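As structure tokens, the structure follows; a few thoughts come after it.
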Amino acid sequence: MVSARALLWAICVLRVALATVYFQEEFLDGERWRNRWVQSTNDSQFGHFRVSSGKFYGHKEKDKGLQTTQNSRFYAISASFKPFSNKGKTLVIQYTVKHEQKMDCGGGYIKVFPSDLDQKKMNGKSQYYIMFGPDICGFDIKKIHVILYFKNQYHENKKPIRCKVDGFTHLYTLILRPDLSYEVKVDGQSIESGSIEYDWNLTSLKKTEKTSLESRDWDQMEGSKAQDWEKHFLDAGASKPSDWNSELDGDWLQKPPYEDGLKAEGIDKDVWLHQKMRPAGYLTQYDLSEFENIGAIGLELWQVRSGTIFDNFLITDDEEYAEKFGKATWGETKGPEKEMDAIQAKEEVKKAREEDEEDLLMGKFHRHNHFSRFHRQGEL
């Protein structure tokens, strides 16, 4: 007889097997990464990348990733994949960042592009769909960008989301769901979530859309019968029906008493019309967070001090697969990475102490020689 635990495990395995992985990169095949990633030649001053696991790591091979190599440079590199649409599907974007140089000013974010991106000419003006990841500069900017391209404009999440600022590898995950909810995770832990409609700077767009909807609904109501109008009016003393569905029927609104004989059609619409309040997904008709032609991922950023390592890129439609992938990559090497860093730090402290002791001994030796010479000269 199959145990409940075994059945649950089988279901999990099946779900992961059904996940669609649009892009995955771990840089495990030596220099072959150069066949997949295209360095932009739009500017001859763009900085160059190499594949490296850095000065300290959890696993020398598994922790290899794209590393920036030149100070005070812009960088632009990308990889393409089979174009897809995330319409009606969850979109998960995930990767790791390691600022082992202790970033003082520079980007650690990625961009997701449409498939028609000209990779050789990619630059800061290349149109992208999504920008996500950490950005650090001085004491003021230590944030995670989440920018979406919508109706020919870039819209950034208006909530401040703080990034990690140490020199270790961190896992960044962005989840966009069809119901217009989103979630940002760092190291597998949710640090921000909510509604795309309300957490992005879409105020002017929403006002325009709301006005259009109200005008359209009012025009439709103009030709309605009086009894249909009455559906939008509730007696002041009435109680909320048990089967009232706020998502379908709108918010429960009550009218104040009005004079007998006053008909609904004679009441000013701005005061009396019960406008059904749409749920958070009312902007879905504009495909907010849905992109028809996703086909490339890239790094387009500036760094004052180089050394950042980007690794474990993943684009999928399955949150569980992303979680398992994160645990199998970053999760396996994060501990050993810190251990190696701690060992190196102890060795550096020991070396510095030995150098100080050596300098002290040399100083005593020089002072002794000087005193001896002076003493002999005095005897003469």
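The structure displayed is predicted, hence computed values, not measured ones.
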Original post:
Is there a donor-acceptor contact under 3.5 Å from the side chain of D104 to the main chain of K102?
Top reply: no
**OP:** Applying salt bridge (charged side-chain N to carboxylate O under 4.0 Å, His left out), run through E100 and K55 and close with a yes or a no.
**Re:** CA-CA 8 Å; E100 72 172 20; K55 298 176 182 178; 5.3 Å; no
Subject >> side chain to side chain contact (heavy atoms under 4.5 Å, CB included), paired with F23, selected from V112, I297, L314 >> reply: I297
Original post:
For the side chain of Q39 and the backbone of G47, is there at least one donor-acceptor N/O pair under 3.5 Å apart?
Top reply: yes
Original post:
Hey, is NZ on K142 packed in by over 12 heavy atoms from elsewhere, all under 6.0 Å?
Top reply: yes
Original post:
Judged by atom type as modelled, is there a donor-acceptor pair below 3.5 Å linking the side chain of Q94 to the main-chain atoms of A322?
Top reply: yes
Original post:
Can you name the nearest heavy-atom pair linking Y128 to P114, along with the distance?
Top reply: CA-CD, 4.2 Å
Original post:
Is K327 paired with E323 through a side-chain N to carboxylate O contact shorter than 4.0 Å?
Top reply: yes
**OP:** Spell out, yes or no, whether V51 and V38 are grouped together once hydrophobic residues are joined by side-chain heavy atoms under 4.5 Å, including indirect joins.
**Re:** no
Original post:
Does the side-chain hydrogen bond (donor to acceptor under 3.5 Å, both in side chains) test come out yes or no for Q303 and T308, once each step is laid out?
Top reply: CA-CA 9 Å; Q303 291 196 338; T308 300; 2.8 Å; yes
**OP:** Determine, step by step, whether D29 and R36 satisfy the salt bridge (charged side-chain N to carboxylate O under 4.0 Å, His left out) criterion, reporting the C-alpha distance in whole Å, the side-chain angles of both residues, the deciding distance to 0.1 Å, and the verdict.
**Re:** CA-CA 11 Å; D29 57 353; R36 299 186 296 274; 2.7 Å; yes
Original post:
Could you go step by step and tell me if E319 and R177 meet the side chain to side chain contact (heavy atoms under 4.5 Å, CB included) rule?
Top reply: CA-CA 10 Å; E319 296 180 44; R177 303 186 183 95; 2.9 Å; yes
Subject >> Side-chain donor or acceptor of S195 paired with backbone N/O of S181 under 3.5 Å >> reply: no
Subject >> Same apolar cluster: I315 and Y182, side chain cutoff 4.5 Å >> reply: yes
Original post:
Does W37 belong to the same Ile/Leu/Val/Met/Phe/Trp/Tyr cluster as Y109, with side-chain heavy atoms less than 4.5 Å apart forming each link?
Top reply: yes
**OP:** May I ask you to decide if the ring planes of F74 and W302 are parallel, tilted or perpendicular, using 30° and 60° as cut-offs?
**Re:** tilted
**OP:** Return the orientation label for the Y149 and Y154 ring planes: parallel under 30°, perpendicular over 60°, tilted otherwise.
**Re:** tilted
Subject >> From CA spacing to verdict: side chain to side chain contact (heavy atoms under 4.5 Å, CB included), I191, I144 >> reply: CA-CA 11 Å; I191 62 170; I144 297 176; 3.7 Å; yes
**OP:** For E183 and S193, run side-chain hydrogen bond (donor to acceptor under 3.5 Å, both in side chains): C-alpha distance rounded to whole Å, both residues' side-chain angles, the deciding distance at 0.1 Å, then the answer.
**Re:** CA-CA 4 Å; E183 188 171 5; S193 62; 5.7 Å; no
Subject >> N/O donor-acceptor pair under 3.5 Å between N157 side chain and W200 backbone >> reply: no
Subject >> Partner set under ring-ring contact (aromatic ring centres under 6.0 Å, His included) for F49, not counting sequence neighbours >> reply: Y75
Original post:
Which residues satisfy the side-chain hydrogen bond (donor to acceptor under 3.5 Å, both in side chains) test with K89, sequence neighbours excluded?
Top reply: none
Subject >> Exam field: side chain D187 to backbone Q189, donor-acceptor pair closer than 3.5 Å >> reply: no
Subject >> Audit row: L180, S289, side chain to side chain contact (heavy atoms under 4.5 Å, CB included) steps and yes/no >> reply: CA-CA 7 Å; L180 290 187; S289 83; 3.9 Å; yes
Subject >> Passing candidate, side chain to side chain contact (heavy atoms under 4.5 Å, CB included) with Y22, options N86, I93, D317, I294 >> reply: D317
Original post:
Taking the side chain from T316 and the backbone from V92, do they hold a donor-acceptor pair closer than 3.5 Å?
Top reply: no
Which pairs would a plain distance check flag for residues 76-84, meaning a side-chain donor or acceptor within less than 3.5 Å of a matching protein atom at least two apart in sequence or in another chain?
residue, atom, partner, partner atom, Å
S78, OG, Q119, NE2, 3.0

Original post:
Going through the checks in order, is the side chain to side chain contact (heavy atoms under 4.5 Å, CB included) test met by K346 and K350?
Top reply: CA-CA 6 Å; K346 289 181 180 179; K350 181 180 178 182; over 6 Å; no
**OP:** Could you tell me whether a side-chain N or O of R73 sits under 3.5 Å from a main-chain N or O of H48, the two making a donor and an acceptor?
**Re:** no
**OP:** May I ask you to decide if W330's main-chain N or O and D311's side chain share a donor-acceptor pair within less than 3.5 Å?
**Re:** no
Original post:
Does one hydrophobic cluster hold both L301 and I110, with members joined at side-chain heavy-atom distances below 4.5 Å?
Top reply: yes
Original post:
Would K334 count as a cation-pi partner of F168, with NZ or CZ less than 6.0 Å from the six-membered ring centre and within 45° of the ring normal?
Top reply: no
Original post:
Is I175 reachable from V184 through a run of hydrophobic residues whose side-chain heavy atoms are each under 4.5 Å from the next?
Top reply: no
Subject >> side-chain hydrogen bond (donor to acceptor under 3.5 Å, both in side chains) between E337 and T169, worked out >> reply: CA-CA 8 Å; E337 177 186 77; T169 301; 2.6 Å; yes
**OP:** Answer yes or no: are there more than 12 heavy-atom neighbours, outside K185 itself, under 6.0 Å from its atom NZ?
**Re:** yes
**OP:** Compute both the distance and the angle, then confirm whether K98 meets the cation-pi test with F56: under 6.0 Å from the six-membered ring centre, within 45 degrees of the axis.
**Re:** yes
Subject >> Whether F313 and F310 hold their rings parallel, tilted or perpendicular, with breakpoints at 30° and 60° >> reply: parallel
**OP:** Examine distances only and state if a side-chain atom of N71 and a backbone atom of S306 form a donor-acceptor pair shorter than 3.5 Å.
**Re:** yes
Original post:
Between K62 and E332, is there a salt bridge with N-O shorter than 4.0 Å?
Top reply: no
